[in-house]
Amino acid sequence: MDKLIQDLKEEIIEALNLEDMEPDDIDENEALFGDGLGLDSIDALELIVLLEKNYGIKIENPKDGKTIFFSVKSMAEYIQAHQ
């Protein structure tokens, strides 16, 4: 799980062009949207593509996105449960 979380942090930084951030700058429990990392709806689409491309996971119900993309840890847990 720790390796998956580290990989996700690196992939998020790369996918969202967060060039001034390092993986260690992202707390895996911190919210990705709003007050946390401050991502927006366009970033959410990038994360959906990242899950499909890198992990073969397609999100069937858009309402699940809020739970899945709450934090890096919630993304990792979803990936582990659905791979």
Side-chain angles (χ1 to χ4, degrees):
M1 177 80 135
D2 287 341
K3 171 146 179 39
L4 178 57
I5 287 173
Q6 188 66 23
D7 290 347
L8 274 173
K9 288 179 182 183
E10 292 169 10
E11 291 163 2
I12 289 168
I13 289 169
E14 187 177 326
L16 304 181
N17 295 317
L18 304 174
E19 293 155 1
D20 54 343
M21 292 196 82
E22 294 292 323
D24 291 341
D25 295 337
I26 301 173
D27 178 347
E28 64 257 21
N29 297 304
E30 182 178 43
L32 293 173
F33 297 88
D35 293 338
L37 203 53
L39 302 183
D40 61 25
S41 58
I42 304 228
D43 297 325
L45 294 174
E46 292 285 343
L47 294 178
I48 291 168
V49 170
L50 184 147
L51 278 189
E52 280 188 41
K53 195 170 78 176
N54 296 7
Y55 299 96
I57 294 174
K58 190 163 179 62
I59 296 171
E60 302 297 331
N61 186 345
K63 290 179 181 165
D64 294 340
K66 201 169 210 168
T67 309
I68 298 164
F69 297 116
F70 177 76
S71 67
V72 174
K73 186 173 184 190
S74 63
M75 285 179 68
E77 288 168 348
Y78 187 83
I79 290 167
Q80 279 196 323
H82 292 84
Q83 265 193 324

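Each residue takes its place number in the sequence, starting with 1.
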How long is the straight-line distance from [atom2] of [Y] back to [atom1] of [X], given to the nearest 0.5 Å?
X: Leu8; Y: Leu32; atom1: CG; atom2: CG; answer: 9.5 Å
X: His82; Y: Glu77; atom1: NE2; atom2: CD; answer: 11.5 Å
X: Leu18; Y: Leu37; atom1: CG; atom2: CG; answer: 6.0 Å
X: Leu51; Y: Gln83; atom1: CG; atom2: CD; answer: 9.5 Å
X: Gln6; Y: Glu11; atom1: CD; atom2: CD; answer: 10.5 Å
X: Ile59; Y: Ile68; atom1: CD1; atom2: CD1; answer: 4.0 Å

4.5 Å side-chain heavy-atom contact, [X] and [Y]:
X: Pro23; Y: Ile13; value: yes
X: Leu47; Y: Leu39; value: yes
X: Ile12; Y: Met75; value: yes
X: Asp7; Y: Asn54; value: no

Joint hydrophobic cluster, Phe33 plus Met21, side-chain heavy atoms closer than 4.5 Å: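 Yes.
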
Check for a donor-acceptor pair, side chain of Ser71 on one end and backbone N or O of Glu28 on the other, with a separation under 3.5 Å.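 Yes, because the side chain of Ser71 sits within donor-acceptor range (under 3.5 Å) of the backbone of Glu28.
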
How close do [X] and [Y] get, counting heavy atoms only, and between which atoms?
X: Phe70; Y: Asn29; result: CE2-O, 4.0 Å
X: Asp20; Y: Asp25; result: O-OD2, 4.1 Å
X: Ser74; Y: Phe69; result: OG-C, 4.1 Å
X: Lys73; Y: Met1; result: O-CE, 4.5 Å

Applying side chain to side chain contact (heavy atoms under 4.5 Å, CB included) to Lys9 and Ile5, what does each step give before you reach the verdict? CA-CA 6 Å; Lys9 288 179 182 183; Ile5 287 173; 3.8 Å; yes

Can you tell me if Asp40 has over 12 outside heavy atoms packed within less than 6.0 Å of its CG?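 Atom CG in Asp40 is crowded, with more than 12 foreign heavy atoms closer than 6.0 Å.
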
So for atom CD, which belongs to Glu14, do other residues, nucleotides or ligands contribute more than 12 heavy atoms lying within a distance under 6.0 Å?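 Atom CD in Glu14 is not packed in, count stays at 12 or less.
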
Under the side chain to side chain contact (heavy atoms under 4.5 Å, CB included) test against Leu16, which residue among Ile42, Leu50, Asp43 passes?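 That would be Asp43.
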
